[in-house]
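Working notes, structure below.
Chain A is the first sequence line, chain B the second, and so forth, proteins listed ahead of strands; every chain is numbered from 1.
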Amino acid sequence: MTSDPLADFDAEIVRFLASTGVPAEIVQLSTPPEPEFGERATNVAFRLAKERRKAPKQIAEEIAAGFDAEGYRFIERAEPAGAGFVNFYLKYTAFIPHAVEAVESAGTAFGRRDDVAVRDVVVEHTSVNPNKEWHIGHARNAVLGDVVARVLRQAGHRVEIQNYVDDTGPQAATSIVGFEDFREPERPGEKFDHWVGRSYVKVSEELRAEPALRKRLEEIEAAPSQVGAGPVDERQSVWARLENVERLKARVVATMRALESGEYGPLVQRILKAQLQTAYRLGVFYDLLTWESNLIESHLFQGAMDRVRQSPKVKQPSEGRYAGALVIETGQPVEGEETKAEVLIRSNGLPTYIGKDIAYHMWKFHLVPNQLCSMPFITQPNGAVLRSTSLHGQEREERVPSQNINIIAVDQSAAQDAVREGLRAAGFGAAADELFHLAYGLVMTSEGKLTGRRGAIAADDVIDEAVRVAYERVKEKRSQDLSDDDMRRIAEAVAVGAVRYFMVQYNPLRDIVFDVSDVVSYDGNTALYVQYALVRMFAILRRAAADAGVTDSEIDDADLSLLSHNQERRLIFQLSLLPGVVADTSRTLGVNLVAEYAFNLATVFSQFYRDCTVLSADADLRAARLRLVRSVRDVLAVACDLLGVPVIERL
RNA sequence: GCCCCCGUAGCUCAGGGGAUAGAGCAUCGGUCUUCUAAACCGAGGGUCGCAGGUUCGAAUCCUGCCGGGGGUACCA
């Protein structure tokens, strides 16, 4: 059984073109803009025009004239069109059973081609500082990464999803200082990450005020005459605040050191576990948590830095702006200027994120001796165990990933480049080439950047709002036989679908404008539209069994040759596009293709639903249509699963 | 200043050499005693930021300009 029915059609087209003397290398196939142009088109006539010294149109005519349907299973006819296209038309009588049987035999694995070259891929996503609740940008990261991983797995690759926990960085330390020294009162029912986050915000705002305070102090000291006009003690209060800032900075540094040795572990884990609740609610799960503190404690970081030091680009200057720090030069040397560099180890001896990330990637690619083990951390709501790096425990499998995909926001592109530079400096150029950064765009509001520390919208709040609106609409729509529990479950599924769909429907590389009202609109091109189409399919199949008494074996044995309606053909063609979408997406990581695919399939189904009644058709046709609907349901469910959009059976 | 990304319908966005540039929302007008209308059908709405260039063919590639965002920290 074939795994990609449409590829069989394409292969016949290539074979036919070869028989007319067109080399396979130059054949490009596309889907024509209008249905009347057939299912596939090729532009080979344009490409051959110069070489053959003929008009494209004439070449296209000659190619099409040479077509004889004899000997081809899926090509009905070939026609010249436009200025030089050759259009190919599917022979649906043969293709419909071919496609339906492919879907039926593949089941949930539909989309995987059997000629796939299986890769081991590490996908790193989320990697949120354990200091504060997720904002909406983190949700974009997690959902994008999750969908990328799902698509790669569907394509047949082996994927390990890692979530890196920067538990020794300034953000985590600031949060702990805030929680220890300036704890905010807990609000009833508040998630722990939100609670701690409020202390973090307070402290980090004070730390960020430093430049402004210093400037103010300068102003006061430059114009002492004006001091008398204002509050007499302003100079003193600015001084006091600056002293406080210095104290805080010292506390943060001390806390970073404490974090490196694993102190505060329980507190950091508590923050992380609260954050993970948001992931789980969105249906995002992980395979491995990599703890930064483990990289330090295991001396893996030290080993990586020793390796990097061998590069002439890595230096420890004794003077200049980088005095005392370990840096890697990333810019070109400019006469009279200090060469641009990234700091790997600060002059106070503490590693930077970039330094630690270089070490992490050496470990990811198995380039340095492994000194980390793993142990179970938590069982996730999907039943899968989330493992955690550790100093003792189970040894790592010696399966070297051929590729690393990092889902990290575009504003960290320079840092990711530096990591790649670091790998090259250590002599690991091949690994650097296989480190792919999916630089997804920022989430903005109409007022501007939102993924910053201020004005951030909490992901939990957005989900809650989406659930609230969904619940209201479920309730007003139907009293039906749905219990309140059912309605709440549906509302949650609708809301999660809405949030996830919002995150994947756009090209990942683009900045997007976030508006809660778009997420909860539930009209048009949304997850609910897709879920609703599925609800209709489930209803048809349910009623066929319950009201009409149609059995599964009747559907299994249905005569597919009865399917000849244009809408039925369009559905079949749409179904058969999925393997191509999976393959393209796993190559380009443009996950919006999957959302677009799901929407298109749902749209074609809606049109079929309008024009072709299933239940009131004659028994034989009814059985054939039920078999078609069942396949559409299964394929659309696969697409939903790739998107992580929950499938619901009734609304 | 330098580096990267982006300017497509009123709004939010697809399309990244190929046929008449698409979708959703919004606006206006039609379809429910339904296979559950959170749906379907139709209408209006575009010098694809501007100017050159490459090509049989440019929204798409190249150059310049204009506008927006990000980076350019011993933050991540």
Side-chain angles (χ1 to χ4, degrees), chain A residues 28 30 32-34 37 41 43 46-47 49-50 55-57 81-85 87 127-129 131 166 169-171 174 204 207-208 321-327 331 340-348 350-357 408-415 417 439 441-442 444 446 448-449 453 470 473-474 476-478 480 494 502 505-507 509-515 517-518 521-526 528-529 531-533 535-537 539-544 547 592-593 595-596 599-600 602-603 606-607 609-617 625 629 650-651:
Chain A
Q28 290 175 345
S30 59
E34 299 295 333
F37 296 146
N43 61 356
F46 293 104
R47 311 190 67 185
K50 195 169 269 176
K57 195 165 180 166
F85 291 97
N87 293 334
S127 302
V128 177
N129 280 311
N131 67 328
D166 182 0
Q171 269 70 20
T174 303
S204 72
L207 287 172
R208 243 196 337 273
R321 62 190 290 206
Y322 300 119
L326 186 73
V327 301
K340 204 149 106 186
E342 294 284 355
V343 174
L344 305 178
I345 302 179
R346 299 178 177 91
S347 51
N348 66 6
L350 288 170
T352 63
Y353 163 75
I354 290 172
K356 290 178 284 195
D357 219 27
I408 300 176
V410 66
D411 56 3
Q412 293 189 43
S413 294
D417 289 344
L442 303 176
M444 324 278 283
S446 39
K449 185 176 175 181
R453 288 111 194 112
R473 290 189 66 171
V474 173
E476 83 192 27
K477 166 148 172 106
R478 243 348 102 92
Q480 226 190 23
V494 167
F502 183 85
Q505 75 181 128
Y506 307 115
N507 186 325
L509 304 180
R510 284 184 58 139
D511 293 348
I512 58 176
V513 176
F514 178 82
D515 188 339
S517 68
D518 289 334
S521 77
Y522 297 129
D523 289 315
N525 187 356
T526 61
L528 183 65
Y529 181 87
Q531 290 171 316
Y532 187 73
V535 163
R536 284 174 153 177
M537 297 177 216
I540 290 172
L541 291 160
R542 196 165 53 230
R543 293 187 57 168
D547 302 350
N592 55 310
L593 263 187
E596 186 185 316
F599 180 70
N600 288 341
T603 300
S606 293
Q607 290 160 354
Y609 182 87
R610 179 190 71 220
D611 294 342
C612 304
T613 58
V614 176
L615 296 179
S616 58
R625 284 183 173 167
V629 169
R650 48 179 94 214
L651 265 179

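- One cannot find a donor-acceptor pair under 3.5 Å joining the base of B:C40 and the side-chain atoms of A:S606.
- For A:R610 and B:G30, the CZ to C1' distance is 14 Å, given to the nearest whole Å.
- At a cut-off of 3.5 angstrom, counting only N and O atoms as typed in the model, there is a donor on one side and an acceptor on the other between the side-chain of A:N87 and the base of B:A19.
- Nearest to the side-chain atoms of A:F85 among the listed nucleotides B:C74, B:A19, B:G24 stands B:A19.
- Here B:A38 is the nucleotide among B:A38, B:A76, B:A19 with the atom lying nearest to any side-chain atom of A:R473.
- Comparing B:C74, B:C40, B:U36 by their nearest atom to the side chain of A:Y532 picks out B:U36.
- Partners of A:D547 according to the side chain to side chain donor-acceptor pair (under 3.5 Å) rule, which considers only residues two or more places apart in sequence or in another chain, are A:R543.
- Closest to the side chain of A:N592, from the set B:A38, B:G18, B:G15, is B:G15.
- The side chain of A:N525 approaches B:A23 more closely than any other nucleotide in the set B:C35, B:A23, B:G71.
- Distances were taken from every side-chain heavy atom of A:N43 (C-beta onward) to each of B:G18, B:C74, B:C40; the shortest belongs to B:G18.
- In this structure, the side chains of A:V410 and A:L509 stay at 4.5 Å or more apart for every pair of heavy atoms.
- Stem regions for RNA chain B, each three or more consecutive Watson-Crick or G-U pairs with both distances under 3.5 Å and listed by first number, read B:1-7 with B:66-72, B:10-13 with B:22-25, B:27-31 with B:39-43, B:49-53 with B:61-65.
- Considering only side-chain atoms of A:A41, the nucleotide from B:A19, B:A76, B:A73 that sits closest is B:A19.
- You'll find that the side chain of A:A414 is closest to B:G71, out of B:A14, B:U72, B:G71.
- Nucleotide B:C66 carries an anti base; the chi torsion (O4'-C1'-N9-C4 or O4'-C1'-N1-C2) is more than 90° from 0.
- With A:Y522 as the aromatic partner, A:R473 does not meet the cation-pi criteria of under 6.0 angstrom to the ring centre and within 45 degrees of the ring axis.
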Atom pairs, protein N/O to nucleotides 8-13 of chain B N/O, distance under 3.5 Å:
residue : atom : partner : partner atom : Å
B:U12   : O2'  : A:Y506  : OH           : 3.2
B:C13   : OP1  : A:V513  : N            : 2.5

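- Separating the P atom of B:A59 from that of B:U27 is a span of 32 Å, rounded to the nearest Å.
- Between B:A14, B:C35, B:A19, one nucleotide has an atom nearer to the side chain of A:F37 than all others, and that is B:A19.
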Kindly indicate, with the supporting measurements, whether the criterion side-chain hydrogen bond (donor to acceptor under 3.5 Å, both in side chains) is fulfilled by A:S517 and A:D515.
CA-CA 5 Å; A:S517 68; A:D515 188 339; 3.0 Å; yes
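- An OP1 or OP2 oxygen of B:C75 is reached within less than 4.0 angstrom by no side-chain nitrogen or oxygen of A:R208.
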